[in-house]
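Only one structure is covered here, and it is reproduced in the block below.
Order of appearance sets the numbers: ligands from 1, and atoms from 1 within every ligand. Note that the numbering runs from 1 along the sequence shown for the chain.
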Amino acid sequence: SNCLEFAKPFLAPETKVSEGVEKAKVPLNILLVGAGLGGLSTAIALTQSGHTVTVFEQTPVLGEVGAGIQVPSNSTKILFKLGLKPYLKPYVTEPESISFRRWQTGNVIGNTKLVPDFTNNFDAPYYVIHRAHFHSALCQKVQDMGIEIKLGARVENYDPVAGSITLADGTTFTGDLVIAADGIKSVARKIVLGGEDMAFRKPGFAAYRATVDVERMRNDPEVSWLLERPALNIWYDKDKIHILRLHLIMDFYDRIGDARHVMTYTIGAGKAFNMVLSHPDATDPSTWDPTKAVDDMKAEFDGWDPVLTKIIGMVEKTLKWPLISGSVLDKWVSDKLVILGDAAHAMLPYMSQGAAMAVEDGLALSRALSKIQNTEQLGKCLSIFEQVRMQRAGQMQEASLLNSQLWHFADGPLQEARDAAMVPEVKGLPFSHSPNQWSDPATQMWCYGYDTEGAIDEAWESS
Ligand code: FAD
């Protein structure tokens, strides 16, 4: 909240989004586990629909760790619908464009205009924001709506048939429905899947996340130009692996080599320069030494574009995160228990859609619940939610994995074909998937123009 003191809106886009969600005919008493980005946005959507939601969060104090996060248009559109625009606006930056740059020179390979194109095409802007600001905007809205959050409330067990949860202190709560948005280490997922948790693939990537003070960058003319306009920049393609690896695309998880990229953008309404530095690392995170993280990070990106390495040199502290891809599950629901967010569909951050999928989940569930005429229809409702969201989030999981290939081609014909295809008009690619979610119109529409409520309506009508 102290960021509100200095933060100002960077740009103030206008959108065509109408506020408000469909009202429930059968208001339910819902227990929601997890007050992360997914849990809170879901609590807001359901409360607006008329349900009574109680949130259970294990941490004693609410907060988010990490640095920046992208809020793509499909997510912003829903957040605005939920009335979050004024809560987010003081914190966000709206990048004008995204530039793809060659790793060793910084030369631009491709460029996509985000402003005004994304608001024009997908009805809502593409934002970047500090994760803590995103979370505190949601918390503020939750507080203003009077939604109850029980802190220090770790859920140890679930009874899906009874619709009840048991906390670490032994207290039991029962509701009409239990939603678990309890993240990647979900306890609920194991119960839904029946004990065997086959949730993860190991793609072998890790990312350093760091911020640099923009005032420091402004004093250095070699790097200050990056701050002239709000923009996303990706430096990519450092891959020593032979191009034939592409043919192993379904089997590449064990074969990741020297595949790196760096994503940058300003956050804190332009006050901090955010960096996500992705690189191969399949080692056990418990063996990582945080005191060496800054030096290790600098060594990982040695020899890259001098502009980039200069900024990396300004980083004073960083955290390294394992990048985990969830498998596409075949079950999200067990009786009155449903999982959503990372608990159901963890993904690599290479589509910048993990939290966005959780935000879509929340609206989709609220829409599905608004259809029921009596509690007997709850099973049908959850099954439609599961079917629709499993398909959408599963596709996003796969697309995120595919980007870990597409962003890391070795020099050669495939890389050249991909770069040519960064110009949206170029067709006839040697890929079964479009080259990039930012540059291909069809992929853009699938990714950012998705109609979350319409997909539920359609599935309900045809059921
Ligand atoms: P979480 O945020 O993990 O929240 C789970 C909550 O449940 C936590 O508060 C936890 O304390 C609580 N909890 C867990 N177990 C219990 C229990 N037993 N009892 C009570 N409470 C419990 N997504 C995007 O949309 N855009 C991006 O640009 C983006 N970039 C990313 C970059 C990186 C490097 C990474 C790693 C991820 C990125 N993501 C991005 C993904 C995004 O961060 C996640 O998808 C999102 O935060 C998941 O939210 P969630 O609410 O499902 O889970």
Side-chain angles (χ1 to χ4, degrees), residues 31-43 54-76 78-79 95 126-132 134-135 138-139 149-158 165-169 173 178-191 205-210 232 234 261-263 265 267 274-279 285 318-326 339-362 393 396-397 400 437 447-448:
L31 312 180
L32 195 156
V33 184
L37 300 173
L40 292 181
S41 47
T42 302
T54 311
V55 181
F56 297 81
E57 168 56 48
Q58 65 184 359
T59 57
V61 180
L62 285 174
E64 258 283 337
V65 286
I69 187 165
Q70 298 177 44
V71 191
S73 300
N74 52 313
S75 180
T76 326
I78 295 172
L79 295 165
Y126 197 110
Y127 283 155
V128 291
I129 188 169
H130 196 292
R131 301 172 74 86
F134 190 0
H135 193 255
L138 290 168
C139 288
I149 304 189
K150 292 187 185 294
L151 294 174
R154 178 168 169 77
V155 176
E156 299 252 296
N157 210 355
Y158 294 81
I165 56 173
T166 306
L167 304 189
D169 66 5
F173 294 83
V178 179
I179 300 167
D182 55 345
I184 206 154
K185 294 179 184 157
S186 172
V187 172
R189 181 180 57 236
K190 295 187 189 84
I191 290 166
F205 291 109
Y208 295 102
R209 293 152 107 183
L232 282 149
I234 307 181
H261 71 265
V262 178
M263 166 81 77
Y265 46 88
I267 52 173
N274 180 71
M275 310 181 85
V276 183
L277 305 101
S278 178
H279 60 287
T318 182
L319 274 178
K320 181 159 129 177
W321 297 70
L323 299 184
I324 293 162
S325 173
I339 52 172
L340 56 74
D342 272 11
H345 50 65
M347 61 189 72
L348 288 175
Y350 297 162
M351 292 290 290
S352 308
Q353 285 282 346
M357 286 302 100
V359 170
E360 284 188 3
D361 290 343
M396 205 57 85
Q397 285 173 299
S400 304
Q437 74 267 29
C447 192
Y448 306 114

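- Nearest non-hydrogen protein atom to atom 11 (O) of ligand 1 is Glu57 OE2, 2.7 Å.
- Of all protein heavy atoms, the one closest to atom 4 (O) of ligand 1 is Gly36 CA, 3.5 Å.
- Looking at Val276 next to ligand 1, no N or O pair under 3.5 Å apart turns up.
- Residues Ser400 and Gln353 have side chains not in contact (no heavy-atom distance under 4.5 Å, counting atoms from C-beta outward).
- Residue-to-ligand polar distances keep Ala207 apart from ligand 1: every N/O pair is separated by 3.5 Å or more.
- Under a 3.5 Å cut-off, the side chain of Arg189 and the backbone N or O of Ile184 do form a donor-acceptor pair.
- Here Ala153 has backbone heavy atoms under 4.0 Å from ligand 1, and that is the only part of it that gets that close.
- Counting heavy atoms only, Ile69 comes closest to atom 29 (C) of ligand 1 of the residues Asn274, Val71, Leu151, Ile69.
- Heavy-atom contacts of Leu37 reach the following atoms of ligand 1: 47 (O), 51 (O) (cutoff under 4.0 Å).
- When side chains are defined from C-beta on, His345 does not count as touching Met396, because their heavy atoms never get closer than 4.5 Å.
- Within ligand 1, the atoms closer than 4.0 Å to a non-hydrogen atom of Gly354 are 23 (N), 24 (C), 25 (O), 41 (C), 45 (O), numbered from 1 in the order shown.
- Counting the atoms of ligand 1 from 1 in the order shown, those under 4.0 Å from a heavy atom of Gly341 are 52 (O).
- The protein non-hydrogen atom at the shortest distance from atom 35 (C) of ligand 1 is Arg209 NH2, 3.9 Å.
- For Phe56, the closest heavy-atom approach to ligand 1 falls below 4.0 Å.
- When side chains are defined from C-beta on, Leu37 counts as touching Ile69, because their heavy atoms get closer than 4.5 Å.
- Residue Arg154 has at least one N or O atom closer than 3.5 Å to an N or O atom of ligand 1.
- The distance between the ring centers of Tyr448 and Tyr126 falls below 6.0 angstrom.
- With a 4.0 Å heavy-atom cut-off, ligand 1 is reached by the side chain of Val33 but not by its N, CA, C or O.
- Regarding atom 30 (N) of ligand 1, its nearest protein heavy-atom neighbour is Pro349 CB, 4.0 Å.
- Closest heavy-atom approach to atom 19 (N) of ligand 1 within the set Val155, Leu138, Leu323: this belongs to Val155.
- In this structure, atom 53 (O) of ligand 1 lies nearest to the protein heavy atom Gly183 CA, 3.6 Å.
- The ring pair (Phe, Tyr, Trp, His ring centres under 6.0 Å) search around Tyr350 returns Phe205, His261, Trp407, not counting sequence neighbours.
- Each of the atoms 51 (O) of ligand 1 lies under 4.0 Å from some heavy atom of Gly39.
- The single protein non-hydrogen atom nearest to atom 23 (N) of ligand 1 is Ala355 N, 3.0 Å, given as residue, atom name and distance.
- Checked by atom type and distance alone, the side chain of Glu57 pairs as donor or acceptor with a backbone atom of Thr59 at under 3.5 Å.
- Sequence neighbours left out, not one pair with a member in residues 339-349 passes salt bridge (Lys or Arg N to Asp or Glu O under 4.0 Å).
- For the 3.5 Å distance criterion, the side chains of Gln58 and Asp182 fail to qualify, holding no donor opposite an acceptor.
- The backbone N or O of Arg209 sits less than 3.5 Å from a side-chain atom of Thr318, completing a donor-acceptor pair.
- Heavy-atom proximity to atom 39 (N) of ligand 1, evaluated over Lys185, Gln353, His135, Arg131, is greatest for Arg131.
- The two residues Asn74 and Ala356 come nearest to each other via the heavy atoms ND2-CB, 4.1 Å.
- Taking every non-hydrogen atom of Gly34 and a distance limit under 4.0 Å, the qualifying atoms of ligand 1 come out as 6 (C), 7 (O), 12 (C).
- Ranking the protein heavy atoms by distance from atom 26 (N) of ligand 1 puts Gln70 O, 3.0 Å first.
- Side-chain contact check for Lys320 versus His279: some heavy-atom pair is nearer than 4.5 Å.
- Within the structure, the closest approach of Met347 to ligand 1 does not fall below 4.0 Å when heavy atoms are considered.
- Using a distance-only test at 3.5 Å, with no hydrogens or angles considered, no donor-acceptor pair links the side chain of Ser75 to the main chain of Val71.
- In terms of modelled atom types and a separation under 3.5 Å, the side chain of Gln397 and the main chain of Ala346 share a donor-acceptor contact.
- Scanning all protein heavy atoms for the shortest distance to atom 50 (P) of ligand 1 gives Gly38 N, 3.9 Å.
- Near Ala181, meaning under 4.0 Å from one of its heavy atoms, ligand 1 places the atoms 5 (C), 6 (C), 7 (O).
- Taking the side chain as every heavy atom from C-beta outward, Ile165 and Phe56 approach each other to under 4.5 Å.
- Checked against a 3.5 angstrom limit, the closest N/O atoms of Trp321 and ligand 1 fall outside it.
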